[in-house]
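Report on the structure given below.
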Amino acid sequence: MKQKTTSKSTRYLLSRFIPYFKKYRFILVLDLFCATLTTLCDIILPLIVRHLTDLGLNDMSALTVRLILSVGALYLGLRIVDVLAHYFMQDVGHVMGARIETDMRRDLFSHLHKLSFSYYSNTKVGQLMSRITSDLFDITEFAHHCPEEFFIAGIKIVLSFAILCKTDVWLTLIIFALLPVMFVCSRKFRRSMRNAFKRSREQLGEINAQVEDSLLGVRVVKSFANEDIENQKFEKGNLKFLDTKKLTYKYMAGFHSSTRFFDGLMYIVVVVAGSLFMMRGRIYAPDFVAYLLYVSTLLTSIRRIVEFSEQFQRGMTGIERFVEILDEPVEIADKEDAIELTDVSGDIDLENVTFRYSDTTDEVLSKINLHINRGEHIALVGPSGAGKTTLCNLIPRFYDVTEGSIKVDGIEIRDVTTHSLRNNIGIVQQDVYLFSGTVYENIEYGLPGASHEEIERAAQLAGAHEFILELPDGYNTFVGERGVKLSGGQKQRISIARVFLKNPPILILDEATSALDNESELIVQKSLSELAEGRTTITIAHRLTTIRNATKILVLTDDGIAESGNHKELMEQKGLYYNLYNMYNV
């Protein structure tokens with residue numbers, strides 16, 4: 001997948017993220033209320049210390065045991081409130097963040113299923129895995145702490161400023177004058193940190209993609225004894241990830257060091273300037289003690305914001321990569337007034353269909369006109385690259401036609417919902433995909449919720465029931481990753497059983513037997529013939545002996561449909577089909 005180098009603005013990213021708080025606004029309000037309580041507890045302590053210090057210096061007789069115990073009891077009560085509020089923030093607040101992360105991951109996964117085939121043709125699955133998993137890990141902390149930390153810091157800074165100004169305006173202005181300088185100096189490091197975090201996430205996605213590619217192709221790796229090559233490829237990506245981490249830590253070190261410098265500078269200014277003011281009688285000792293405590297509270301708040309900046313940038317990076325996926329346009333979308341396609345009989349019409357992929361100007365199909373009657377068996381043959389599979393992909397709307405229209409039972413397929421359209425089409429492909437699970441679960445995928453009897457019946461129709469019973473656990477046998485524990489013929493028959501269970505009126509067979517051995521092909525071909533019975537069927541075939549009984553055979557070339565007719569008619573013409581048939585059956 002092409003990496004996107006342009007970063008989106010923080011304002012835009014937050015505008016996309018904040019709506020996720022809507023479902024949890026009550027929890028958020030309670031969380032911020034608890035944050036207010038903990039903040040007030042911190043603010044009150046310097047006032048208590050100032051009051052006791054003032055009494056100790058000016059009126060020792062007023063500093064009684066009863067007063068001290070009362071103040072201690074008051075502060076103990078405040079601390080109990082602080083502990084309870086903090087517990088709520090740590091428990092319920094974090095759960096709120098985890099729920100938001102879950103919602104975002106759900107939306108991301110749902111959106112990925114809406115994207116067209118063309119998107120996945122240019123995207124590495126490992127990168128998508130990284131975005132769904134690791135990129136959203138920091139969202140829990142971000143969603144919880146972001147409003148909380150800024151809210152607490154805002155309260156403490158405002159209250160501290162007001163109280164400090166009441167003690168000495170000029171000293172307060174001197175301290176606060178340093179804050180803008182600190183934020184300006186750290187701004188460059190913050191931007192660099194965010195870019196470094198993003199590069200680190202992108203490289204982690206590349207590692208995931210490389211690992212997935214290598215492990216899924218482990219049989220090829222071992223058959224060519226290329227373990228060393230795979231190790232070298234992984235080492236290269238792993239070291240590149242290390243370099244991005246080094247850069248990240250470099251910017252983090254600069255960021256924290258610069259803020260630490262200003263943190264110490266403000267303490268020095270308070271001590272030196274405050275001592276000079278106290279020498280000249282502008283500030284009294286109790287006020288100065290309280291002033292130091294409030295400055296400590298202020299700097300603690302600033303330090304927390306600074307420390308949170310790292311988490312903030314990590315969170316914003318995750319949100320940015322999340323938004324990049326969600327902003328990918330859904331090319332195949334239902335119209336607002338799309339209707340449900342029901343009671344399908346199976347008539348299909350292609351009218352002046354022209355198609356080109358979005359990333360090219362070359363037409364794959366041009367001005368194709370074709371009428372298929374319900375129950376008719378149409379076979380598509382021709383050289384590779386002529387557009388046979390592309391034509392079949394247009395009928396279930398995996399891609400939209402560039403020009404022209406496709407109709408099912410006289411209804412334009414763009415006027416119906418994609419779910420109802422695809423629900424009436426069954427597809428058996430050459431490259432069978434079985435999900436990691438049991439045989440039963442893979443067949444049930446054709447009709448979720450089907451009964452055991454229906455699943456067995458579908459397996460029997462597909463010629464799969466007998467071999468399934470011979471498996472170690474029958475229908476409950478685990479098929480392994482992508483069905484690696486089964487042979488090609490067994491996997492194909494399970495995929496056919498899946499379509500039998502679905503029972504669609506339209507069937508597309510895309511070179512369903514071309515990868516099988518002769519024995520398996522005969523078994524599977526028999527199953528396919530039974531599956532096609534009574535359905536509108538479109539078959540793509542390279543082994544032309546498998547489509548001799550088709551109602552109509554179309555020879556598709558770069559120039560469109562070159563020949564049309566049944567097997568006997570085309571053989572008598574001694575044209576392209578005749579040559580292709582003899583070429584493959586010498």
Side-chain angles (χ1 to χ4, degrees), residues 117 346-357 363-399 401-402 404-408 413 422 425-431 492 495-496 499 504-516 521 524-525 528-529 531-533 535-571 573 575-585:
F117 283 3
D347 285 330
I348 302 175
D349 289 285
L350 282 73
E351 300 175 354
N352 293 316
V353 169
T354 297
F355 177 78
R356 72 179 69 89
Y357 290 102
E363 292 181 348
V364 181
L365 298 170
S366 179
K367 304 295 182 182
I368 299 295
N369 288 280
L370 175 64
H371 174 71
I372 305 174
N373 292 313
R374 65 191 69 183
E376 195 171 20
H377 185 181
I378 299 297
L380 297 177
V381 301
S384 297
K388 301 184 296 297
T389 298
T390 300
L391 187 149
C392 289
N393 283 335
L394 293 175
I395 296 173
R397 244 192 118 194
F398 293 148
Y399 300 94
V401 298
T402 306
S405 68
I406 298 176
K407 296 178 181 178
V408 173
I413 61 173
R422 294 169 186 172
I425 300 174
I427 302 175
V428 180
Q429 297 172 317
Q430 172 187 344
D431 185 16
Q492 191 62 281
S495 74
I496 294 170
V499 178
I506 299 173
L507 182 64
I508 296 175
L509 307 176
D510 189 355
E511 301 183 38
T513 63
S514 62
L516 303 178
E521 182 184 11
V524 170
Q525 191 59 47
L528 290 175
S529 297
L531 179 60
E533 190 69 31
R535 309 175 201 272
T536 301
T537 305
I538 303 174
T539 300
I540 299 174
H542 279 151
R543 296 185 185 179
L544 303 189
T545 53
T546 62
I547 46 93
R548 290 181 58 176
N549 296 324
T551 311
K552 186 186 295 183
I553 300 171
L554 305 176
V555 181
L556 197 62
T557 67
D558 293 338
D559 298 322
I561 299 175
E563 294 178 1
S564 174
N566 59 37
H567 173 73
K568 182 179 179 181
E569 292 169 346
L570 294 179
M571 290 298 288
Q573 290 179 19
L576 289 173
Y577 179 80
Y578 177 85
N579 293 330
L580 286 171
Y581 188 86
N582 288 325
M583 182 189 305
Y584 288 107
N585 296 282

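We're numbering straight along the sequence, starting at 1.
Atom NE2 of H371 and atom CD of E351 lie 10.5 Å apart (nearest 0.5 Å). Between I378 atom CD1 and I508 atom CD1 the span is 12.5 Å, to the nearest 0.5 Å. In this structure, CG in N373 is found 7.0 Å from NZ in K552, a value given to the nearest 0.5 Å. The CD1 atom of I372 sits 10.5 Å away from atom NE2 of H377, with the distance rounded to the nearest 0.5 Å. Summarising the geometry, atom CD1 belonging to I547 is positioned 10.5 Å from atom CG belonging to N566; distances are rounded to the nearest 0.5 Å.
A donor-acceptor pair under 3.5 Å is formed between the side chain of K388 and the backbone N or O of P383. Side-chain N or O atoms of T402 include one that pairs as donor or acceptor with a backbone N or O of R356 at under 3.5 Å. In terms of modelled atom types and a separation under 3.5 Å, the side chain of T354 and the main chain of K367 share a donor-acceptor contact. Without hydrogens or angle criteria, R422 side chain to R397 main chain gives a donor-acceptor distance under 3.5 Å. Judged by distance alone, the side chain of D347 and the main-chain N or O of R374 form a donor-acceptor pair under 3.5 Å. Without hydrogens or angle criteria, Q492 side chain to Q429 main chain gives a donor-acceptor distance under 3.5 Å. Within the 3.5 Å criterion, the main-chain N or O of L576 finds a donor-acceptor partner in the side chain of E563.
At a threshold of 4.5 Å between non-hydrogen side-chain atoms, the residues C392 and D510 do not count as touching. At least one side-chain heavy atom of I561 sits less than 4.5 Å from a side-chain heavy atom of I368. Put simply, the side chain of I538 reaches to within 4.5 Å of the side chain of I348, judged on heavy atoms. When side chains are defined from C-beta on, L554 counts as touching S564, because their heavy atoms get closer than 4.5 Å. Side chains of F398 and I427 form a contact here, defined as non-hydrogen atoms less than 4.5 Å apart. At a threshold of 4.5 Å between non-hydrogen side-chain atoms, the residues L391 and L350 count as touching. L394 places a side-chain heavy atom less than 4.5 Å from the side chain of L365.
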Exercise for the section: Start with the C-alpha gap between T390 and Y399, add the side-chain angles, then the distance that decides, and say whether side chain to side chain contact (heavy atoms under 4.5 Å, CB included) holds. Expected result: CA-CA 8 Å; T390 300; Y399 300 94; 5.6 Å; no

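The two residues I395 and I413 make their nearest non-hydrogen contact at O-CD1, 3.7 Å. Nearest heavy-atom pair across T557 and A562 is CG2-CB, 3.9 Å. Nearest approach of A541 to V381, heavy atoms of both residues: O-CG1, 3.8 Å. Nearest approach of A532 to T537, heavy atoms of both residues: CB-OG1, 3.4 Å. When all heavy atoms of L556 and A386 are compared, the pair lying nearest together is O-CB, 3.3 Å. The minimum heavy-atom distance linking A379 with A550 is given by the pair CB-CB, 3.9 Å.
With a 6.0 Å radius and a threshold of 12 heavy atoms from other residues, nucleotides or ligands, Q573 has its CD atom above the threshold. Remark: N369 CG is packed, more than 12 non-hydrogen atoms of other residues, nucleotides or ligands lying under 6.0 Å away.
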